[in-house]
Protein chains: 2
Amino acid sequence: MDDHDGPQDSGLLKGNLNLRLHSSLARELGRRILSGEFPPGHLFPGEIEFSHQLDLSRSALREAFRILSAKGLVESRPKAGTRVTDPARWSRLDPDVLAWQFASEPSPAFLRDLFELRMIVEPAAAAAAAARHTEEQTRQMADALDEMTTHGLSTEQGRAADQRFHSLIIEAARNQLLSTLSSSIMAAVAWTTIFKQRRRALPRDPMPEHRALHTAIVAGDAEAAREAMVVLIDLALADTEISMREDEQAPA
Amino acid sequence: MDDHDGPQDSGLLKGNLNLRLHSSLARELGRRILSGEFPPGHLFPGEIEFSHQLDLSRSALREAFRILSAKGLVESRPKAGTRVTDPARWSRLDPDVLAWQFASEPSPAFLRDLFELRMIVEPAAAAAAAARHTEEQTRQMADALDEMTTHGLSTEQGRAADQRFHSLIIEAARNQLLSTLSSSIMAAVAWTTIFKQRRRALPRDPMPEHRALHTAIVAGDAEAAREAMVVLIDLALADTEISMREDEQAPA
DNA sequence: GAAGATATATTGTATAACGTATTGAGCCGT
DNA sequence: ACGGCTCAATACGTTATACAATATATCTTC
């Protein structure tokens, strides 16, 4: 195996991208846990030995473990050591965990689960927004849609306006738990968009459907808003499926 | 202000209940953040001074801050210090955060949000379970229902069987993101149950509705399963509302 | 062979020192 | 008087070391 005669990364070089040491280490370990490189039940080396392998202090390692533990990915017990927990206990909807998931290319099964959850949550949020929105919120939604139209979804600015539009819908639903959930989902969707647009531009312009959703919310028509959101997600799903089929045909 | 002539808890004695020091400290700070005692934007004392006030080491304090930071409750920056973040960034669906929320009595608004979320997620999960369940899963559901009938919901064993029944439904839905979300929701529901049963027993036996849900799932009837779950949640909501009205009439 | 005491390895906690980045005040120039 | 720049103080970030607590494993004893 490894010759253990000095500090070595042993393949675990922390991808230090302007982050704090414990954060980037947590990110790297989290990524490897989610990718399956460290499977559930995997036992890490002792803190002292592991910190020497990674060439950092035990404190930094412990703080990284605390972060991962807070997200349910690992569990530390005296004498027993620190090991990867059962996936059922992972906080898969945590923003960081989602980001780590997308650090490696996500599996088709994960994307299926993600779109199924979107189809459950977002139409309901749209319906609630139709019932509870304020005039100020619908006005800002209109502004966001205008900006989307102006810049298009192929630009960074256009995508930001898209995100703002959906954020406003969530906010208008007036449910803090729903907001937390939706912001996590939207973060994940943003990641899929990055993957989706890797090779080509969007196949078609989804602006008419966005306008329809906005109209339904302004009118206070909960059912129409629900259905309009279903249509939007169906469009996104179709795009993603096309993109994935292209991945199969032309991998790497 | 405080006279700062020695180690003092300054009101922040860590409720040390068989937990590690950093965990119980994170719990205590998290509870106070969620209760509003430390409002968004609140700046904590410097780590050295704060650790002296709390009469513990800086390491333990920092690890507690890392836990809270991982759940989005606080943010640390060099020179600027550690402060409570904006509530929009809190991981309100995190199991620990939910538990901290219920450490103080939850607000009616929170319960409203919780039941609204249940009404969105759980019927959809029941429908998915009807479509995707295995025979083994429905058999175990039947076992759980039998145990509920035997022991009743007033016993610890009966409530455990109830939880197992709902867990099996989630598992049968075969969606990892949905599982994560549902387990968080169920944890929150378990807390409300504790509050609910503080004063009196359940008003009536929900077993027939549980059986109806089980029958629908076994039959693979997604729509019937969805509707049966809606009925179950409506029952729970009615119970909780009754309990809360009693709280208003006889506070404390 | 089972049950209890002991040994030991590993995490948990404490302390101290130094590095580093950010902030904000002060200075200088325009 | 105002704006931009320099610089130092401050708080987090990181490292190192020592010791305490604890759970597991081993060994002993009945």
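Lettering of chains follows the sequences in order, A, B, ..., and the numbering in each one begins at 1.
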For atom [atom1] of [X] and atom [atom2] of [N], their distance in whole Å:
X	N	atom1	atom2	result
B:Glu49	D:dC12	CD	P	10 Å
A:Leu61	D:dT14	CG	P	13 Å
A:Glu47	D:dT15	CD	C1'	15 Å
A:Leu54	D:dT15	CG	C1'	15 Å
B:Arg66	D:dC12	CZ	P	10 Å
B:Ile48	D:dT14	CD1	P	15 Å

- Under a criterion of less than 4.0 angstrom to any heavy atom of chain B, what are the 5'-terminal and 3'-terminal contacting nucleotides of DNA chain C?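 The protein-touched segment is C:dG12 to C:dT23.
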Under the rule for salt bridge (charged side-chain N to carboxylate O under 4.0 Å, His left out), what residues qualify as partners of [X], not counting sequence neighbours?
X	result
A:Asp113	none
B:Asp162	none
A:Glu63	B:Arg62, B:Arg66
A:Glu147	A:Arg164

- Considering residues at least two apart in sequence or located in another chain, which fulfil the side chain to side chain contact (heavy atoms under 4.5 Å, CB included) criterion with B:Ser167?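 B:Ser167 satisfies side chain to side chain contact (heavy atoms under 4.5 Å, CB included) with B:Met186 only.
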- Pairwise ring-ring contact (aromatic ring centres under 6.0 Å, His included) hits with a residue in residues 157-183 of chain A, at least two apart: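 Listed once each, the pairs are A:Phe165-A:His210, A:His166-A:His210.
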Which protein N or O atoms sit under 3.5 Å from an N or O of nucleotides 16-27 of chain D?
unit_1, atom_1, unit_2, atom_2, d
D:dT24, OP1, A:Arg77, NH2, 2.7

- For residues 168-178 of chain A, which residue pairs qualify under salt bridge (charged side-chain N to carboxylate O under 4.0 Å, His left out), counting only residues two or more places apart or in two chains?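 Qualifying pairs: none.
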- Could you check A:Trp90 against A:Thr85 for side-chain hydrogen bond (donor to acceptor under 3.5 Å, both in side chains), going step by step and ending with a plain yes or no? CA-CA 8 Å; A:Trp90 296 353; A:Thr85 57; 3.2 Å; yes
